[in-house]
Amino acid sequence: MAERAGAAPRIAVHAEPEGPVLVQHLDELGVPLGPVSAVEASALSELDRRAPRWVWRNPRTYRALLARGARLTRAHDVELVEGLLVAAAGRFGAPHGLAAAAARLAGLPEEPDPAPDDSWDEPPGLFRSAAPPAAETLAAVVEVHAAQRKALAGDSRLAMLAAAESAGGIVAEEMRAEGLPWDAAVHDALLTEALGPRPAGFARPEKLTALAAEIDAAFGRPLNPDSPAEVLRAFARAGFEVPNTRNWVLKRIDHPGVAPLLAYKELARLHAAHGWAWLRTWVHDGRFRPEYVVGGVVSGRWATRGGGALQIPKAVRAAVRADPGNKLVVADAAQLEPRILAAMAGDTALARAGGRGRDSDLYAGLAAEMFGPDAEDGRAKAKLAVLSAIYGQTSGDAGVHLALLRRRFPASVEVVESAARDGEEGRIVRSWLGRTSPPARPGDEAPARARARGRFTRNFVVQATAAEWALILLAELRSALHRAGDPAALVFFQHDEVLLHGPADGAADAAELVQAAADTATRTLFGDTPVRVPMPAEPVDSYAEK
DNA sequence: CACCAACAACGG
DNA sequence: TGCGCCGTTGTTGGTG
């Protein structure tokens, strides 16, 4: 992970789903050393032994290489890095595709980024505009990369972020290629148990039909339970004026329709979002393959496109099962954001309260520190105080507890409050490595908007730095697994949680590597810090066991 | 018919 | 005083 300044050879590579694989050797700065040549994918693995940094257009380039069997170690991803650089220049969201970046260098008008599409994997169709010749694309990659090298040269943290973001692209494509093991039979059985047998066509499952009838009976007239407006009107007629039909609002109403309605909503959600249609669309050959969008969220968290991979409900996690003879290793970082805040602030007291053991509970430690070891509801109050600091909540008792937190841990609270002031006053903020927030927009100086922006920038510095930690964790874990002879493969990542999948006899080794990678990530970002991020990893047969 | 905003629920 | 951050997906109910 750590960048040995200037040590790695650089090789530009370009590939598309069809057509040749092109490479060009570069010097330290990214200037071409030789001609463009067409090579076999197998030659790339050979070249990779020289530990180069591959320079490519975007994660899809690596997808095309993976499809040809080339597994490469590290990269500089020109389009991901361009996104970081335009934001750092105060132009968050400006076009950062290869065409736009090349146009900027040439002093030409920026081309808008192409819309994300799914046609890339398909052969060019009748209505698809012809792609530029591969050699031309590679030349643009080389040119833009050289400019990016210069832009990163004076900023070692941003250079580290560029490397980490690029590594994220690699991990994302490898996880997609590997796929999350998904047992369709278990999923189907679970749906049948909850909803009744799979109905033909678009019919409503029988359990939903039965509940809808109960709801009708309770209100004395037919009612579409899927329509919030109708539900609201029905309760109003029964004498209950409520602001919306959220679960926690309905729960407080004393009316016979509430129980069947809540049951209906829960099952209808399961059916609509993760029912048989989802299963048929997204699970093939025992694998769910979401498309991860690295850096897809303002804070640098990943997004996904298709299948809702970052919202797999607990209710269907039993379907995520290791193959026979294999195990899943499930690990999540404990209370990541407050620990990241402590590290950013150099807050030894908060670090100590967070503990160092694998089962350390930061909120419990904090409660002992803030309210004494035996205080009633101490943990809940401490948690509320921390969330108030990180999210900007001030309602209820949050403000009181936050004030106490400020007295005990002034360094940490100052980090977020300073970010909140920056946001409220219209300034941009940056994460630890320099991911840059969007600038204020016209109208943000209005008081309510300014406070909302303060909450956003307050959260941004912590969430974005936590996302950086997670990126480095992934990169480190990937290479540690590789060094250990691949006892398991990364198959899923969700903000602060990873899933590995591999032979049962390697699961214990894989689990060990997770905590080691977490420690490396912490040191890589923050150097010698008293903060530790526990990341307990557990070998299981099913995701539901965690 | 295509498009869009509001709502609601899931995840972190 | 009033204030919880970041997302994706599907349905309803309206618009042009």
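Order of the sequence lines sets the chain letters (A, B, ...), proteins ahead of strands, with each chain counted from 1.
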Verify the neighbour count for atom CD of A:E266: are there more than 12 heavy atoms of other residues, nucleotides or ligands below 6.0 Å?
no
Side-chain ion pair, A:E417 and A:R406, N-O less than 4.0 Å:
yes
Carefully, step by step, assess A:D519 and A:R532 under the rule side-chain contact (heavy atoms from CB on, under 4.5 Å).
CA-CA 7 Å; A:D519 293 340; A:R532 178 169 165 102; 3.0 Å; yes
Would a distance-only check, ignoring hydrogens and angles, find a side-chain to backbone donor-acceptor pair under 3.5 Å from A:D183 to A:R321?
no
Salt bridge (charged side-chain N to carboxylate O under 4.0 Å, His left out) filter on A:R301, not counting sequence neighbours, yields A:E337
Could you check whether A:Y264 and A:D226, counting side-chain N and O atoms only, form a donor-acceptor pair closer than 3.5 Å?
yes
What I'd like to find out is whether the side chain of A:F235 reaches to under 4.5 Å of the side chain of A:E241, using heavy atoms alone.
no
If you walk 5' to 3' along DNA chain C, what is the first nucleotide with an atom under 4.0 Å of a heavy atom in chain A, and what is the last?
C:dG2 to C:dG13
Within the structure shown, what part of the strands sits under 4.0 Å from A:L336 by heavy-atom distance: base, sugar-phosphate, or nothing?
nothing
I'd like to know whether A:E206 forms a salt bridge (Lys or Arg N to Asp or Glu O under 4.0 Å) with A:R198, so could you lay out the CA-CA distance, the side-chain angles of the two residues, the decisive distance to 0.1 Å, and finally the verdict.
CA-CA 9 Å; A:E206 61 184 41; A:R198 178 162 71 91; over 6 Å; no
Any residue of residues 232-266 of chain A with a heavy atom less than 4.0 Å from an atom of DNA chain C:
none
Neighbour count above 12 (heavy atom, 6.0 Å) for A:K381 NZ
yes
Expressed in angstrom and rounded to an integer, what is the separation of A:L267 atom CG from B:dA8 atom P?
19 Å
Interatomic distance, A:F493 CZ vs B:dG11 C1' [rounded to whole Å]
13 Å
Does the plane of the ring in A:W302 sit parallel, tilted or perpendicular to the ring in A:Y292? Use 30° and 60° as the thresholds.
perpendicular
Can you name the salt bridge (charged side-chain N to carboxylate O under 4.0 Å, His left out) partners of A:R91, sequence neighbours left out?
A:E110
At under 4.0 Å between heavy atoms, what does A:G307 touch on the DNA or RNA strands: base, sugar-phosphate, or nothing?
sugar-phosphate
Under-4.0 Å salt bridge between A:E165 and A:R435
yes
When we call it a touch if two heavy atoms are under 4.0 Å apart, what does A:V298 touch: a base, just sugar-phosphate, or nothing?
sugar-phosphate
Reckon A:K314 has a side-chain N or O less than 4.0 Å from the OP1 or OP2 of B:dA9?
no
Give one of base, sugar-phosphate or nothing for A:R449, where a contact means two heavy atoms less than 4.0 Å apart.
nothing
Do A:R455 and A:Y391 come close enough that some side-chain heavy atom pair is under 4.5 Å?
no
May I have the distance from A:D226 (atom CG) to B:dA6 (atom C1'), rounded to whole angstrom?
16 Å
Sorted by number, the residues of residues 423-443 of chain A with heavy-atom contact under 4.0 Å to DNA chain C
none
Any residue of residues 383-396 of chain A with a heavy atom less than 4.0 Å from an atom of DNA chain C:
A:Y391, A:Q393, A:T394, A:S395
Need one value for A:G454: base, sugar-phosphate or nothing, where a base atom within 4.0 Å counts as base even if backbone is also close, heavy atoms only.
nothing
Any donor-acceptor N or O pair under 3.5 Å, side chains A:S166, A:D77:
no
